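Let me begin by presenting the structure, written as structure tokens, before commenting on it.
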Protein chains: 2
Amino acid sequence: MRANSKAEILKILGDQTRLRVTHLLAASKKSLCVCEIVDALKLPQYQVSKGLVMLRRAGLVEVDRNGTWGYYHPNMTDDANAALFDFVKDYCVGEPFDSDIDALTGRLKLREGDKCVVGFVPEKKLRNLMRKKGIAA
Amino acid sequence: MRANSKAEILKILGDQTRLRVTHLLAASKKSLCVCEIVDALKLPQYQVSKGLVMLRRAGLVEVDRNGTWGYYHPNMTDDANAALFDFVKDYCVGEPFDSDIDALTGRLKLREGDKCVVGFVPEKKLRNLMRKKGIAA
DNA sequence: ATGTTATATGCAAATATAGGCATATAGGCA
DNA sequence: TGCCTATATGCCTATATTTGCATATAACAT
């Protein structure tokens, strides 16, 4: 846990990209792979990655690495953080937050054994991939 | 209500001065006079004033003017705002937030008929003023 | 080894923000 | 009228932040 002031933490959330990432992690009950977040938010990979670094440095999220893959989840060991994530989950409604959740839900169907097994999947490919896997949209 | 994104609103709270002002308004059940906020936070008047302007433009607070005096209070007509203020009240604990509340509590004892009747009161004068009024610290 | 993929990071330009000071505005009061 | 006080604001400078691109790192596959 770092010595970030509450204001510094809120400032980190005061950015559309980082708030969308935070909301996705707060709303999803799973640890999310970076590529899943990138696909759900349809943002450049470096933006998501930089956002995650800031969230991690602020003690808000934690990462489990599995080879080159990184799974992020909220750090709930701190009560203030838990309250923050609860708040974000409820506060961030409407667009683009709702669509982000929808896109993530679809993307998670590509998992196998609850693990991410594909990298970045441009929207075009998603349909084909899911048909190939015999998964309904 | 303005068309501020959630991220824009959180960015406004992501500043120590504005967060302290917001917390003071969230925690106090009263409308607060600008000079009371300035005295409680011991910040330059222009900083508090600028902060209040930003909070007001974001639709977070409202002001009732009474002559030259301005009384600010959270704008609770919006459910998302109400949740935000609830969150801030609980999230902002420790310093300087606790001391801010203490200082405000003392400062509010100078009110008469629940109205602010003195302007800026440098800490030195506060004691004398309260003795003169026969109020316990 | 070589290539491919997932993720992180260094750098530079454009832009935004905070902080401070002085001053404006405007109401109350002598 | 003129003075005092409460509050707001314009301007400036220093500093921080965002964004985009290119590239680094590191694991894995062939």
Side-chain angles (χ1 to χ4, degrees), chain A residues 4-5 7-21 31-58 61-72 107 110-111 115-122 125 129, chain B residues 4-5 7-21 31-58 61-72 107 110-111 115-122 125 129:
Chain A
N4 289 294
S5 77
E8 281 167 339
I9 289 184
L10 290 178
K11 180 183 290 188
I12 288 179
L13 296 190
D15 168 87
Q16 182 79 343
T17 296
R18 295 188 298 261
L19 186 58
R20 287 173 72 192
V21 170
S31 278
L32 298 180
C33 183
V34 177
C35 62
E36 290 171 331
I37 300 174
V38 169
D39 282 345
L41 304 187
K42 298 175 186 67
L43 288 175
Q45 173 267 329
Y46 67 83
Q47 273 190 25
V48 171
S49 186
K50 281 180 178 174
L52 285 167
V53 167
M54 294 183 70
L55 292 171
R56 190 153 46 81
R57 283 210 247 266
V61 306
E62 287 172 333
V63 59
D64 297 318
R65 275 195 217 289
N66 196 330
T68 49
W69 308 60
Y71 289 87
Y72 283 82
R107 183 56 164 75
L110 294 180
R111 283 192 173 191
K115 284 286 166 191
C116 179
V117 293
V118 294
F120 306 119
V121 181
K125 280 192 175 176
L129 243 166
Chain B
N4 288 295
S5 75
E8 281 167 339
I9 288 184
L10 290 178
K11 179 184 292 188
I12 288 179
L13 297 190
D15 168 86
Q16 182 79 342
T17 297
R18 295 188 298 261
L19 185 59
R20 286 172 73 191
V21 171
S31 277
L32 298 180
C33 182
V34 176
C35 62
E36 291 170 331
I37 300 174
V38 169
D39 282 344
L41 303 188
K42 298 175 186 68
L43 288 174
Q45 173 267 327
Y46 65 82
Q47 273 190 22
V48 171
S49 187
K50 281 179 177 176
L52 285 167
V53 167
M54 294 182 70
L55 292 172
R56 189 152 47 81
R57 282 211 247 266
V61 306
E62 287 172 333
V63 59
D64 296 319
R65 276 196 216 290
N66 197 330
T68 51
W69 309 59
Y71 290 87
Y72 283 81
R107 183 57 165 75
L110 295 180
R111 282 190 172 192
K115 284 287 166 191
C116 179
V117 293
V118 294
F120 306 119
V121 182
K125 281 192 176 176
L129 242 167

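Below, chain A is the first sequence line, B the second, and so on; all start at residue 1. Keep in mind that this is a model prediction, so the values were computed, not measured.
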## Note on the structure
Checking N1-N3 plus N6-O4 or O6-N4 for Watson-Crick, or N1-O2 and O6-N3 for wobble, each under 3.5 Å, the partner of dA29(D) is dT2(C)

## Note on the structure
Rounded to whole Å, the OH-C1' distance (Y46(B) to dA18(C)) equals 9 Å

### Query
What integer distance in Å separates Q16(A):CD from dT18(D):P?
12 Å

#### Entry: Nucleotide dA6(C), atom P - distance to CD of E36(A) in whole Å
12 Å

### Query
What is the nucleic acid contact for V53(A), judged by heavy atoms within less than 4.0 Å: base, sugar-phosphate only, or nothing?
sugar-phosphate

### Query
Which of the following nucleotides, dT7(D), dG19(C), dA8(C), is nearest to the side chain of V34(A)?
dA8(C)

### Query
Atom CD of E8(B) and atom C1' of dT17(C): how far apart are they, to the nearest Å?
14 Å

### Query
Which nucleotide, dG27(C), dA18(C), dT7(D), lies nearest any side-chain atom of S49(B)?
dT7(D)

### Query
Which nucleotide, dA6(D), dT17(D), dT7(C), lies nearest any side-chain atom of K11(A)?
dT17(D)

### Message
Side chain of D15(A), heavy atoms from C-beta onward: which of dG20(D), dT19(D), dA8(D) has the nearest atom to it?
### Response
dT19(D)

### Task
Looking only at non-hydrogen atoms, find the nearest pair between V21(A) and L55(A) and report the distance.
CG1-CD1, 3.8 Å

#### Entry: Side chain of Y72(A) - closest among dA8(C), dA8(D), dG20(C)
dA8(C)

### Task
Decide yes or no for C116(A) and R107(A): does some side-chain heavy atom of the first lie under 4.5 Å from some side-chain heavy atom of the second?
yes

#### Entry: Shortest non-hydrogen separation from V117(B) to W69(B) and the atoms involved
C-CH2, 4.0 Å

### Task
Just compare dT7(D), dA18(C), dT19(D) and give me whichever is closest to any side-chain atom of Q45(B).
dT7(D)

### Task
Would you indicate which nucleotide in dC11(C), dT7(D), dT9(D) comes nearest to any side-chain atom of K50(A)?
dC11(C)

### Query
Short question: side chain of Y71(B), backbone of K115(B) - any donor-acceptor pair under 3.5 Å?
no

### Query
Out of dC21(C), dT7(C), dT9(C), which has the shortest distance to the side chain of C33(A)?
dT7(C)

### Query
Quick one: F120(A) CZ to dT7(C) P, roughly how many Å, whole number?
6 Å

### Rounded interatomic separation in angstrom, taking CZ from R18(A) and C1' from dA16(D)
12 Å

### Task
Using both distances under 3.5 Å as the test, list the Watson-Crick or G-U wobble partner of dG28(C), or none.
dC3(D)

### Query
5'-most contact on DNA chain D: R65(B) or M54(A), nearest heavy atom basis?
R65(B)

### Task
Please name the pair of heavy atoms, one in A58(B) and one in N4(B), separated by the smallest distance, quoted to 0.1 Å.
CA-ND2, 3.2 Å

#### Entry: Atom-pair distance (CD1 on I12(B); C1' on dT17(D)), nearest Å
16 Å

### Task
Grab the CG-C1' distance between D64(A) and dT7(C) for me, whole Å please.
15 Å

